[in-house]
Amino acid sequence: MASNPPGACCIESNFHEGTPLGNHQNVFGLDTYVTGSENSKRVIVILTDIYGHKYNNTLLVADQLAKLGGYKVYIPDILENDPVPATHGDLGPWLQKHTQEVTKPIIEGFLKPLREQVGSETFVGVIGYCFGAKYAIQQIASDGYATAAAVAHPSFVTIEEVEAIKKPLLISAAETDPIFTVELRHQTEEALAKIKARYQLDLFSGVVHGYAVRGDIKDPVVKYAMTKTISDQVQWFAQF
């Protein structure tokens, strides 16, 4: 295992204030948040954490990606309109409803027609936060639909999935993370080096699992890490 299953830290959240600039539309059969230029030739798809595609923090992140990089950004509903309740203390029952057997076909059912629509030469970047990171990494294997991927504080990723990647990967990691631990981070680094992957791994001190979308931005250390992660994602994707 390159990262552990989601745990209690995945439920902790700070809610960010702001009004999203995009809107929700039906895209390839999924309720999807869409933001950015309609004429953009470059696309990002965000695969969310357990809070789903209507979570305000993630929508604001999508707006920033669209603004800074000129992307059209999609956040499809990969959770079947079933985000984890904010007060839910035990993730077990929820995770049983959102296994890979359920979630992977939903994601591929969105990305396959998207790729067909935009064409093989169009850049499609996939970003995965926590729960969604596993599926973002799957999309840069030989049979994936993404051009490149970025993940932040990943969960549920197997070492076999890391070893199977064929396309560029950016990893943004928290110093304190019981899901993507120091040992698992080093194991991931070793696997990526072994296969000679094109990758970058950024480690942020003073932050914990979830910082990239659910951190307390009143804390300047967290705000910096979150802002820098968005900037890193834009710069990473700009290369490809």
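This chain uses plain numbering: 1 for the first residue, then up along the sequence.
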Determine, stepwise, if the pair Tyr211 / Thr229 fulfils side-chain contact (heavy atoms from CB on, under 4.5 Å). CA-CA 10 Å; Tyr211 79 89; Thr229 294; 2.7 Å; yes
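- Using bins of under 30°, 30° to 60° and over 60° for the plane-to-plane angle, the ring pair Phe123/Tyr71 lands in the tilted bin.
- The shortest side-chain heavy-atom distance between Val126 and Leu47 falls under the 4.5 Å cut-off.
- Of all heavy-atom pairs between Phe131 and Leu79, the closest is CE2-CD2, 3.7 Å.
- Between Leu59 and His24, some side-chain heavy-atom pair lies under the 4.5 Å cut-off.
- Side-chain contact between Gln200 and Leu170 is present, with at least one heavy-atom pair separated by less than 4.5 Å.
- With hydrogens and angles disregarded, no donor-acceptor distance shorter than 3.5 Å links the side chain of Thr176 to the backbone of Val208.
- No path of Ile, Leu, Val, Met, Phe, Trp and Tyr side chains, each step under 4.5 Å between heavy atoms, connects Leu184 with Val182, placing them in separate hydrophobic clusters.
- Under a cut-off of 6.0 angstrom, the local environment of NZ in Lys166 is sparse, with at most 12 non-hydrogen atoms contributed by other residues, nucleotides or ligands.
- Annotation: the span from Ser231 atom OG to Leu65 atom CG amounts to 10.0 Å, rounded to 0.5 Å.
- Here the side chain of Thr35 pairs no donor or acceptor atom with the backbone of Val73 at under 3.5 angstrom.
- Taking every heavy atom of both residues into account, Val162 and Ala191 meet most closely at CG1-CB, 3.9 Å.
- Closest approach of Tyr199 and Glu189 over heavy atoms only: OH-O, 4.0 Å.
- A side-chain N or O of Tyr55 and one of Asn57 form a donor-acceptor pair less than 3.5 Å apart.
- Side chains of Gln239 and Arg198: a donor-acceptor N/O pair is present below 3.5 angstrom, by distance only.
- In this structure, the separation between CD1 on Ile137 and CD on Glu160 is 12.5 Å, given to the nearest 0.5 Å.
- The backbone N or O of Lys223 sits less than 3.5 Å from a side-chain atom of Thr227, completing a donor-acceptor pair.
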Could you walk me through whether Ser37 and Arg42 pass side chain to side chain donor-acceptor pair (under 3.5 Å), step by step? CA-CA 10 Å; Ser37 172; Arg42 295 170 66 83; over 6 Å; no
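- Annotation: the span from His53 atom NE2 to Asp77 atom CG amounts to 4.0 Å, rounded to 0.5 Å.
- Here the side chains of Gln100 and Gln138 are in contact, with some heavy-atom distance below 4.5 Å.
- For the pair Thr58 and Ile46, the minimum side-chain heavy-atom distance is below 4.5 Å.
- Under the 4.5 Å side-chain heavy-atom criterion for ILVMFWY residues, a single connected hydrophobic cluster contains both Leu68 and Ile44.
- The distance from the CD atom of Glu161 to the NZ atom of Lys134 is 3.5 Å, given to the nearest 0.5 Å.
- Between the side chain of Glu175 and the main chain of Gly206, a donor-acceptor pair closer than 3.5 Å is present.
- Heavy-atom minimum distance, Tyr129 versus Ala212: CE2-CB, 3.9 Å.
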Does the pair Lys112 and Glu116 meet the rule for a salt bridge (Lys or Arg N to Asp or Glu O under 4.0 Å), with working shown? CA-CA 6 Å; Lys112 183 175 186 291; Glu116 291 171 348; 2.7 Å; yes
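- Looking only at atom types and distance, the side chain of Asp63 has a donor-acceptor partner in the side chain of Tyr33 under 3.5 Å away.
- A 6.0 Å sphere centred on NZ of Lys167 holds more than 12 heavy atoms belonging to other residues, nucleotides or ligands.
- Cys130 places a side-chain heavy atom less than 4.5 Å from the side chain of His209.
- Counting heavy atoms of neighbouring residues, nucleotides and ligands inside a 6.0 Å radius, atom CZ of Phe240 exceeds 12 of them.
- When hydrophobic clusters are built by joining Ile, Leu, Val, Met, Phe, Trp and Tyr residues whose side-chain heavy atoms come closer than 4.5 Å, directly or via intermediates, Val34 is not grouped with Leu21.
- Hydrophobic clustering (side-chain heavy atoms under 4.5 Å, transitive across Ile, Leu, Val, Met, Phe, Trp, Tyr) groups Val102 together with Phe156.
- Residues Leu201 and Leu192 form no side-chain contact, since every pair of their non-hydrogen atoms from C-beta on lies 4.5 Å or further apart.
- Trp236 contributes no side-chain N or O that, together with a main-chain N or O of Ile171, makes up a donor-acceptor pair within less than 3.5 Å.
- Aromatic ring orientation, Phe110 versus Tyr74: perpendicular (interplanar angle above 60°, classes split at 30° and 60°).
- Considering OG1 of Thr99 and NZ of Lys104, their distance stands at 12.0 Å, rounded to 0.5 Å.
- Formation of a donor-acceptor pair under 3.5 Å by the Asn56 side chain with backbone atoms of Pro20 is not found in this model.
- Rounding to the nearest 0.5 Å gives a distance of 9.5 Å between NE2 of His98 and CD1 of Ile50.
- In plain terms, the two heavy atoms of Thr188 and Phe180 that are nearest each other are OG1-CE1, 3.7 Å.
- Although no hydrogens or angles enter the test, the distance criterion places no donor-acceptor pair under 3.5 Å between the side chain of Ser172 and the main chain of Asp202.
- In plain terms, the two heavy atoms of Val221 and Val207 that are nearest each other are O-CG1, 4.1 Å.
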